[in-house]
Chemist: 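Structure provided below as structure tokens; questions to follow.
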Number of protein chains: 2
Amino acid sequence: MQLKELSRQSGVSAASIKYYLREGLLPAGETVHATRAQYSARHVERLELIQALRRIVGLTIEQIGGLLRMADDGVPRLALLAAVQRVVLNLDSRATAGGGPGTPAADAVVRLRSWPDSPSDARNALNAHLELMESLNIPVSGELLDTYSKAMNDVAGLDIAATTAPESVDRLILTAAVGMHMHSQLLLKLLALAQASHAIRRYERDA
Amino acid sequence: MQLKELSRQSGVSAASIKYYLREGLLPAGETVHATRAQYSARHVERLELIQALRRIVGLTIEQIGGLLRMADDGVPRLALLAAVQRVVLNLDSRATAGGGPGTPAADAVVRLRSWPDSPSDARNALNAHLELMESLNIPVSGELLDTYSKAMNDVAGLDIAATTAPESVDRLILTAAVGMHMHSQLLLKLLALAQASHAIRRYERDA
DNA sequence: GCCTTAGGATAGAGCTACTATCCAATGCGT
DNA sequence: ACGCATTGGATAGTAGCTCTATCCTAAGGC
């Protein structure tokens, strides 16, 4: 199929497809002649992936490009999942310069939950975030971290258990990114409702 | 003090202050004469609040304006807190048209946790989100919701208990917004670490 | 042989949050 | 009294992002 047909099937405008080609999100079609290119079902799939990452997950073109380039370079799946996590869960605060000493609180959490103690984006992000909270004078008690981390441990156990390894790398990215986003948002919605409920009870009691 | 001094004390450029005045984020100073205005310590505080909401919490000018106008209109604190929650925790997906029938799953959660059963932004957002997940074919089991909501109930209990009512409304917004944002981000960082830990264990076992 | 399409380049549009410039009016220091 | 600095108001420009549109030449298909 050629550009116009690809546009029709994917629902993405021809101009946008050209833009994605320029930005390296979509591999070039097979050039038959200087002015004719063939696109395949893979291109349709790739476009659907791009749309989902843009519209549902809300990633930027640059972030999507990074993930897709990793996928095309054959990066191992675990590393790819870590990259997905980084962009979906915002682990790349500029403050996240890896390799710092680590906060005592984060170390305590990792020990308490007996999580594998290896440096990672998630670990660095946690350290950076705890330091940020400290610098803002927001207290983080051991009890709070304990409760939070226990809750997240329970949740993550279910999340990972529900994960089945998909066929293609593109689909791995799709399900991982969309799933992570939806689950984290679900968590925040439940948090909001729980907070509101507690707040109502408290205000009623005070009144 | 006049504009230049206000700019110096707050660290915000004079041009930006003018912009905030135009957008109604900052109340006009007391006009002494046609070309002279007096600003007070309240203006400095307000600017610090605006900066925190922009740079730390990442709200848009429009969202900040909405909150500040509510505060200036003397809206009750509980309603103000709900508004803060809405913008900080992203409860305003366009799909959140309140008053729908409600999903059975959400009803079940509310009953299970014995949360006050009143329609609210949080409740609507949860309903909309569950419907969205369903439309995307992402299964949400009762067990998952149970685990998630129990975790969030525990967490919210601590969050609310830690809240002390601040003096001024401006400070209420500041501590609520920054606190909510930092706590929700902390939760996501812990979720990331927990997921990564579970994933590593799983991949190791599979390998 | 003409119409359509590909690819490449470039420019514009719409959004957000500023930033800069220009202006007339006017107070303050000297 | 005079001029510099400052104010509010208006307007325009900038920068980053994601497209969208236009223009062009080359070339294949009917």
Chemist: In Å, rounded to the nearest 0.5 Å, how long is the span from CG of A:Leu132 to CG of A:Asn127?
Modeler: 12.5 Å

Chemist: Between A:Ser16 and D:dT20, does any side-chain N or O lie under 4.0 Å from OP1 or OP2?
Modeler: yes

Chemist: Any salt bridge linking A:Asp107 with A:Arg123? Criterion: basic side-chain nitrogen under 4.0 Å from a carboxylate oxygen.
Modeler: yes

Chemist: Can you check the A:Ile50 CD1 to D:dT18 P distance for me, whole Å?
Modeler: 12 Å

Chemist: I want to verify a distance call: between D:dT6, C:dT19, D:dA27, whose nearest atom is closest to the B:Arg22 side chain?
Modeler: C:dT19

Chemist: Which one, D:dC19, C:dA6, D:dT20, comes nearest to the side chain of A:Ser13?
Modeler: D:dT20

Chemist: Given atom CD of A:Gln38 and atom P of C:dT5, what is their separation to the nearest angstrom?
Modeler: 14 Å

Chemist: Taking atom C1' of C:dA17 as reference, at what distance in whole Å does atom CG of B:Leu25 sit?
Modeler: 11 Å

Chemist: Need to verify one output field. Residue with the more 5' nearest nucleotide on DNA chain C, B:Leu59 or B:Thr35?
Modeler: B:Leu59

Chemist: Just compare D:dG8, C:dC28, C:dA6 and give me whichever is closest to any side-chain atom of B:Ala37.
Modeler: D:dG8

Chemist: Tell me which nucleotide among D:dC19, C:dA20, D:dA26 gets nearest to the side chain of B:Ala15.
Modeler: C:dA20

Chemist: I want to check one thing: is the phosphate of C:dT26, taken as OP1 and OP2, less than 4.0 Å away from some side-chain N or O of B:His33?
Modeler: no

Chemist: To the side chain of A:Thr60, which of D:dT18, C:dA6, C:dC18 is closest?
Modeler: D:dT18

Chemist: Given D:dA27, C:dC18, C:dT19, which nucleotide is nearest the side-chain atoms of A:Arg36?
Modeler: D:dA27

Chemist: Between atom CG in A:Leu53 and atom P in D:dC19, what is the gap in whole Å?
Modeler: 12 Å

Chemist: Between C1' on D:dG8 and CG on B:Leu21, what's the gap in Å once rounded to a whole number?
Modeler: 9 Å

Chemist: With DNA chain D as reference, determine whether A:Gln51 or B:Glu5 sits nearer its 5' end, using the nearest nucleotide of each.
Modeler: B:Glu5

Chemist: Can you tell me which nucleotide in C:dA17, C:dG8, D:dT7 comes closest to the side chain of A:Lys18?
Modeler: C:dG8

Chemist: Please pick, from D:dC19, C:dT19, C:dG7, the nucleotide with the shortest atom-to-atom distance to any side-chain atom of A:Tyr39.
Modeler: C:dG7

Chemist: Using heavy atoms to find the nearest nucleotide of DNA chain C for A:Glu30 and B:Arg54 separately, return the residue whose nucleotide is more 5′.
Modeler: A:Glu30

Chemist: Is B:Glu45 paired with B:Arg42 through a side-chain N to carboxylate O contact shorter than 4.0 Å?
Modeler: no

Chemist: Distance check needed: C:dA20 P versus B:Ile17 CD1, whole Å only.
Modeler: 14 Å

Chemist: Looking at A:Glu134, I'd like to know if its CD atom is crowded, meaning that more than 12 non-hydrogen atoms belonging to other residues, nucleotides or ligands lie closer than 6.0 Å.
Modeler: no

Chemist: Who are the side chain to side chain donor-acceptor pair (under 3.5 Å) partners of B:His129, not counting sequence neighbours?
Modeler: none

Chemist: Take the protein atom CD of A:Glu23 and the nucleotide atom P of D:dG16, then report the distance between them rounded to whole Å.
Modeler: 14 Å

Chemist: Would you call B:Arg69 and B:Val75 a side-chain contact if the rule is heavy atoms closer than 4.5 Å?
Modeler: no

Chemist: B:Leu26 has an atom CG; how far is it from atom P of C:dA17, in whole Å?
Modeler: 16 Å

Chemist: Can you figure out which of C:dA17, C:dG27, C:dA6 approaches the side chain of B:Tyr19 most closely?
Modeler: C:dA17

